[in-house]
Chemist: 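Structure incoming, see below.
Small disclaimer: the values here were computed from a predicted structure and weren't measured. As a basis for the values below, the full set of heavy atoms in this structure was taken, side chains included, without hydrogen atoms, waters or symmetry mates. Quick note on labels: first sequence line is chain A, next is B, and so on, each numbered from 1.
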Amino acid sequence: MEYNFRSIEDKWQQRWKETNAYKVSNDTAKPKYYVLDMFPYPSGTGLHVGHPLGYIASDIYARFKRLKGFNVLHPMGYDSFGLPAEQYALETGQHPAVTTEKNIATFRSQLDKIAFSFDWSREVKTSDPAYYKWTQWIFLQLFNSYFCNTEKKALPISKLIHKYETKGAMPRNGDPVPGKHFTADEWKAFSKKEQEDILMKRRLAFSSYGEVNWCEALGTVLANDEVVNGVSERGGHPVVKKQMRQWYLRITAYADRLLEGLEKVAFSESMKEMQRNWIGKSQGAEISFELAANNSKLVVYTTRPDTIFGVDFMVLAPEHELVEQITTADQKEAIEKYLTYVKSRSERERMSEVKQVTGCFTGAYAINPFDGRKIPVWIAEYVLAGYGTGAIMAVPCGDQRDYTFAKHFNIPITNIIGDHYKGEEANATKDAVLENSGFLNGLLMKDAIGIAIDKLEEMGIGKRKVNYRMRDAGFSRQRYWGEPFPIIWKDGIAYPLDEKDLPLELPHVEKYVPGPEGEGPLANITEWVNLTPSLSDLTPDPSPNERGAEDQNIPGYFTSSEKEWKNTFLFAKANRKHLTEEEDILWQELRNRKVDGFKFRRQHPVAGYIPDFICLEKNLIIEVDGGYHNEAEQKEFDAARERWLVENEFNIIRFSNDEVKNDIQKVLKTIAEKLNEEKILHSAWSDSPLPGRGVRGEVKRETSTMPGYAGSSWYFLRYMDPHNDKTFCDRKASDYWSQVDLYVGGTEHAVGHLLYSRMWTKVLFDLGLISFDEPFKKLLNQGMITGRSYFLMLDNAAGKKIVSYKKEDALSTSVRLKYGHQFVDNSGRLSKKIFDQQIEKGLFEMPVYEIEWEKDTDGEFIFVKEESEKMSKSKFNVDNPDDLVERYGADTFRMYEMFLGPVEASKPWDTKGIEGVHRFLKKLWRLFFDELKGKIWSDEKASDAELKVLHRSIKKIENDTETFAYNTAVSAFMVAVNDLADLKCNKKEVLEQLLVLLTPYAPHISEELWSALGNNGSILDAAYPVLNEKYLIESEKDYPVSINGKVRTNISIATDLEQPEVEKIVLANEVVQKWLEGKAPKKIIFVKNRMVNIVI
RNA sequence: GCGGAUGUGGCGAAAUUGGCAGACGCACUAGACUUAGGAUCUAGCGGAGCAAUCCAUGUAGGUUCGACCCCUAUCAUCCGCACCA
């Protein structure tokens, strides 16, 4: 009987499927354990060998914990929204939903072959409306929350509104600043829009105009972590800064808690450090400097207020708002020239020429508050507008950038640190004693920092300030394939959709081209975007009462369904064909901008109300009332409607039919007067020339979609309760499963996904929706599997011909067959001789993947180097796991990936070694079955030697598995099987235990042999072997004996002997005698159970 | 430039955390069994040397009876951040 892995693996995969072997219940008395993999983006290229590495690692752990008696949640799903599917759709016209489904099917079949213990009944897909309904729902929670700075947590926005209504927003001390502070009464007097604008500045998910990373090629905005060196992470397209309205997450509010949270999670130090760097907290001070010839003040941020006497110049970012104001007449031209230069440079250029020194003097001077010195004010690119105050005080003796700048522009340098500054470079020390520093003289810099700030605060010209490098996270993308925002814009106000209207599903589109003015493809679908209030809103839903509206007569337009709004739109359109005689008279006078050039529309819906005429520019509504407006009921309704319109800052003039008919000139005069009244010009509209909020009177959907990290920020919660349509995750389920105990994935998500999901978790915790505020207890980063590349270069007589080539086993199968064998000797190494022969035959037409050039001393022919690079399809070094599974089986593949090296380390992929693991499994098989004799295992009692092998293995493998040292665990299996084979051990007693140890690693073969041994139940639920130390105790040990630290011999000594006896035995030994050469040892060191060292 | 990590045979890697450096596997060499070997088994395999022995964990120092392991400097590679004041 041979080890026929194909039939064994097929059989058990089938069996496990039939028995729902991996189904996990939320309802059990067992302790829980949650093992999670970072779910994949289902790309079109399918799985490569790097993918399963983490999945296998987590799968082994999940199975191990299950054997140890835990109820293990080990789910899998797909991060199925994202750019590539949409790019593909742009190129081929295939709907992303279709290609995504296809890719998922491929992934699934590949994953199934490797036999992961995923509970597929819990699968989630972020692009599934049943899933993104809750992504949208959580977005609404973010939208409806603000960060309370006193409680340091998220609270419902209603609490803030209540505060504004009762107390307003007033400063704790000092005078209120107009535009910033307001009283409760002032709040109440604000228009709806003004109030909403203020609230928007506090919401956790908020909309704002800002500078964003705009990628023209992708037609979208990218987050900071999606931009690498000025180009897009995906595709490497140029990225420019652009002003646009965007959604953001107020992650900066959580900066401190995200930092603190790192203390209590088990992430690798480098991972934590990356997050800390990203958050970039720094302590310092804001100092304001008087300007010499100007009333305004210049505020700078510095971490080193102790160096204030060393300030030799100031530098503003070129974009700084004061630049124009302070530039003197004679410097104006130079400054303008410089600004033009700065603007001409792309982000990419600025980044790539980091060390270039540029700048320009403004002509202005600031005054040092302590010694009154005049300090020239410059502008320069090296100061960033977005950090701190966008202005710095430059201390050239202490800061290298300032030093370089001063040298370049010949600005004299003041030395305040004595010998620490040598004049050749800056010294950023904090250990110097200050000189030339007024009241700080003689102080250690470290100590002077606090003293300087105290003094500044006392003088009222500075204060302590903490700064963060992290910015609020851009949360909208001008793309199609993402979660639509459950937001409707009306009159520049963002209204959230009602919960019952979720999910807001993606509409179908024909084309994926960007919309107008940088908007996403959704903007092209007018019937989806444009929402018109409905006539039936006269009986709004929910009713004003239900909404808690103050005025019960004001309809609740914004909660109406989209269908109803559409009806209104159609109704208004129909109305235009049926004007009354009087309406027609007036229309003829108003149309074509006849009245002072103002544009009027007729029968144009405003929410659910369709006025006769409207000038949107001036918010002026003209009504021509027929007879029925005199009826009591209609009068009442008109009044309510009018109140609502006035509240929303519309002006209404009513004319009777008679007025229009009899004196049209008087009517027009009244209208013209009203139009020209200054006060009816609405400020909120005039200050907003930027696109994206719609035009007054229009009701539109938000057309951008959420970024990739939206769905992945909370998916770990959905797995706990994946089919719930009442809530995102039942509280009972999230209380039971709680945090993810083990999270496995790549380091590439260090600052993106991990920070976002940590923030979401904290918000959900603050709002009382879950009971923990860190999502992942322990994070295990699998290393990258790299492909190995070899390069060969050829410089022949005919000119430079460069041939690049990858080592045979790193080539894809097809290329290997075609070319690979031609350049390696029979040891698989590159061979110059063989290569030379190929050259003679003219066989060097190889695909060139990469060009490297290096000259050897003697030659035309140069073998350059071997190097590792990231696995990727484009680099041509991918090995498909399917091929390997097909050839060796899943068990071999799983064990081999683990045997490659430590899980965390990145390592080159090399399939050569897989044979060794495969041999091991065959050797294991032969302990049970003999080719000729068939079954050879027996029920005989195991010997002590055999039990020792077993228990030694239990100890090593259990410990290694627990600590993720899978590579050494695999070698321990090999040692065990080698030893048992040497002992000719075929005893069930031993083998059975070994199978349980093995099943997390190689589930098929262990299940097969387990059942062959006559066990009824599945090995998946067997009990993990228990170590019995008594089998490991030795009576004798081979002690290594060293002379002066060098091992000279081994002597077998009973383990219970103490130093005196041991010394006697050792000194009697002839090898030791020889080294002693008759001398007496100075000292003998004896470590029990370890070694003996004799010092001569 | 800053931060994090890693340097051990031809290759992937071990080393109970200061105690026999190179477990385990690949590759390679020799042999056995075979019609055959891409099956299996046996032996060898860091370098030098016939050998005793000497030299070897990036390099140079140090601590220690003893260092891959701890300390100091230095070089190289990888990853992350990058004019963040």
Chemist: What's the shortest heavy-atom distance between Leu1067(A) and Pro1081(A), and which atoms?
Modeler: CD2-CG, 3.9 Å
Chemist: Looking at the side chain of Asn978(A), which of C65(B), G19(B), G25(B) is the nearest nucleotide?
Modeler: G25(B)
Chemist: Determine whether Ser268(A) and Leu779(A) make a side-chain contact, defined as any pair of heavy atoms from C-beta on separated by less than 4.5 Å.
Modeler: no
Chemist: Using whole Å, report how far CE of Met974(A) lies from C1' of C24(B).
Modeler: 6 Å
Chemist: Parallel, tilted or perpendicular, judged at 30° and 60°: which one describes the rings of Tyr1001(A) and Phe973(A)?
Modeler: perpendicular
Chemist: Both distances below 3.5 Å, Watson-Crick or wobble geometry, any strand: find the nucleotide opposite G10(B).
Modeler: C26(B)
Chemist: Could you report the tightest heavy-atom contact between Val299(A) and Thr389(A), atom names first, then the distance?
Modeler: O-OG1, 2.7 Å
Chemist: Taking only the C1' atom of each, what is the distance from G12(B) to U59(B) in whole angstrom?
Modeler: 25 Å
Chemist: Looking at C81(B), does its base get a donor-acceptor pair with the side chain of Asn277(A) below 3.5 Å?
Modeler: no
Chemist: If we take the P atom in both G61(B) and A51(B), what is their distance in whole Å?
Modeler: 30 Å
Chemist: Under a 3.5 Å limit for both distances, which nucleotide forms a Watson-Crick or G-U wobble pair with U74(B), could you say?
Modeler: G58(B)
Chemist: Just how far, in rounded Å, is C1' of G19(B) from CG of Asp1038(A)?
Modeler: 15 Å
Chemist: Could you tell me whether G66(B) is syn or anti, where syn means a glycosidic angle within 90 degrees of zero?
Modeler: anti
Chemist: Send over the distance from Arg1090(A) CZ to U16(B) C1', rounded to a whole Å.
Modeler: 6 Å
Chemist: Categorize Ser971(A) for me: base, sugar-phosphate, or nothing, with a 4.0 angstrom heavy-atom threshold over every strand shown.
Modeler: base
Chemist: Name the closest nucleotide to the Val1047(A) side chain, picking from A21(B), C65(B), C81(B).
Modeler: A21(B)
Chemist: Which class fits the ring pair Tyr338(A) and Tyr341(A): parallel under 30°, tilted 30 to 60°, perpendicular over 60°?
Modeler: tilted
Chemist: Between Phe1086(A) and Tyr1039(A), is the ring centroid distance below 6.0 Å?
Modeler: yes
Chemist: Mind telling me whether Tyr387(A) and Tyr301(A) have parallel, tilted or perpendicular rings, with 30° and 60° as the class edges?
Modeler: perpendicular
Chemist: What protein N or O atoms touch nucleotides 40-43 of chain B N or O atoms at under 3.5 angstrom, if any, and at what distances?
Modeler:
residue : atom : partner   : partner atom : Å
U40(B)  : O3'  : Arg926(A) : NH2          : 3.1
C41(B)  : OP1  : Arg926(A) : NH2          : 3.0

Chemist: Using only side-chain N and O atoms of Asn781(A), determine if any of them is under 4.0 Å from OP1 or OP2 of A5(B).
Modeler: no
Chemist: Roughly how many Å apart are G4(B) and A48(B), using the P atom of each and rounding to a whole number?
Modeler: 41 Å
Chemist: Taking the C1' atom in each of C2(B) and G22(B), what is the distance between them to the nearest angstrom?
Modeler: 37 Å
Chemist: If I pick the C1' atom on U53(B) and the same atom on A32(B), what distance separates them, to the nearest angstrom?
Modeler: 35 Å
Chemist: Go ahead and name the base partner of G18(B); Watson-Crick or wobble counts if both distances stay under 3.5 Å, otherwise write none.
Modeler: none
Chemist: Check Ala976(A) against Leu994(A) and note the closest heavy-atom contact, atom names and distance.
Modeler: CB-CD1, 4.2 Å
Chemist: For Ile1085(A) and Val917(A), take the nucleotide of RNA chain B holding the closest heavy atom to each; which residue's nucleotide lies nearer the 5' end?
Modeler: Val917(A)
Chemist: If I pick the P atom on C28(B) and the same atom on G37(B), what distance separates them, to the nearest angstrom?
Modeler: 16 Å
Chemist: Got a list of protein N/O to nucleotides 48-54 of chain B N/O distances below 3.5 Å?
Modeler:
residue : atom : partner    : partner atom : Å
C54(B)  : OP1  : Arg1048(A) : NH2          : 3.4
C54(B)  : OP2  : Arg1048(A) : NH1          : 3.0

Chemist: Are the charged groups of Lys1037(A) and Glu1034(A) less than 4.0 angstrom apart, N to O?
Modeler: no
Chemist: For the ring pair Phe313(A) and Phe405(A), is the centre-to-centre distance below 6.0 Å?
Modeler: yes
Chemist: Expressed in whole Å, how much space separates the P atoms belonging to G44(B) and A76(B)?
Modeler: 42 Å
Chemist: Please give, in whole Å, the distance from A14(B) C1' to Tyr966(A) OH?
Modeler: 18 Å
Chemist: Paired with G37(B): which nucleotide, if any, by Watson-Crick or G-U wobble criteria at under 3.5 Å for both distances?
Modeler: none
Chemist: Please tell me if Asn967(A) has a side-chain N or O lying less than 4.0 Å from either OP1 or OP2 of A14(B).
Modeler: yes
Chemist: Take the protein atom NZ of Lys1082(A) and the nucleotide atom C1' of G66(B), then report the distance between them rounded to whole Å.
Modeler: 15 Å
Chemist: Are OP1 or OP2 of A85(B) and a side-chain N or O of Tyr387(A) less than 4.0 angstrom apart?
Modeler: yes
Chemist: In whole angstrom, give me the gap between the C1' atoms of C79(B) and A27(B).
Modeler: 30 Å
Chemist: Using a 4.0 Å heavy-atom cut-off, does Asp399(A) contact any base of the nucleic acid, only the sugar-phosphate backbone, or nothing at all?
Modeler: nothing
Chemist: At 4.0 Å (heavy atoms only), tell me whether Asn1050(A) reaches a base, stays on the sugar-phosphate, or touches nothing.
Modeler: base
Chemist: Let's test this: given Watson-Crick or G-U wobble pairing with both distances under 3.5 Å, identify the partner of C81(B).
Modeler: G1(B)
Chemist: Syn or anti for U17(B), given that syn means the glycosidic angle lies within 90° of 0?
Modeler: syn
Chemist: Check the distance between A23(B)'s P and Phe899(A)'s CZ and give it to me in whole angstrom.
Modeler: 11 Å
Chemist: Between Glu2(A) and Lys922(A), is the closest basic N to carboxylate O distance under 4.0 Å?
Modeler: no
Chemist: Please find out if less than 6.0 Å separates the ring center of Tyr888(A) from that of Phe5(A).
Modeler: no
Chemist: Look through every strand shown and name the nucleotide pairing with G49(B) as Watson-Crick or G-U wobble, where both distances are under 3.5 Å.
Modeler: none
Chemist: Asn1089(A) has an atom CG; how far is it from atom P of C20(B), in whole Å?
Modeler: 13 Å
Chemist: Rounded to whole Å, please give me the gap between CD1 in Ile957(A) and C1' in C24(B).
Modeler: 12 Å
Chemist: Has Glu897(A) got a side-chain atom pairing as donor or acceptor with Gly54(A)'s backbone, closer than 3.5 angstrom?
Modeler: no
Chemist: Pick base, sugar-phosphate or nothing for Glu269(A), based on heavy-atom distances below 4.0 Å to the nucleic acid.
Modeler: nothing
Chemist: Using the closest heavy atom to pick a nucleotide of RNA chain B for each, name whichever of Tyr896(A) or Gly1045(A) lands nearer the 5' end.
Modeler: Tyr896(A)
Chemist: When both hydrogen-bonding distances must be under 3.5 Å and the geometry is Watson-Crick or G-U wobble, what is U63(B) paired with, if anything?
Modeler: none
Chemist: Given C83(B), G3(B), C65(B), which nucleotide is nearest the side-chain atoms of Lys1083(A)?
Modeler: C65(B)
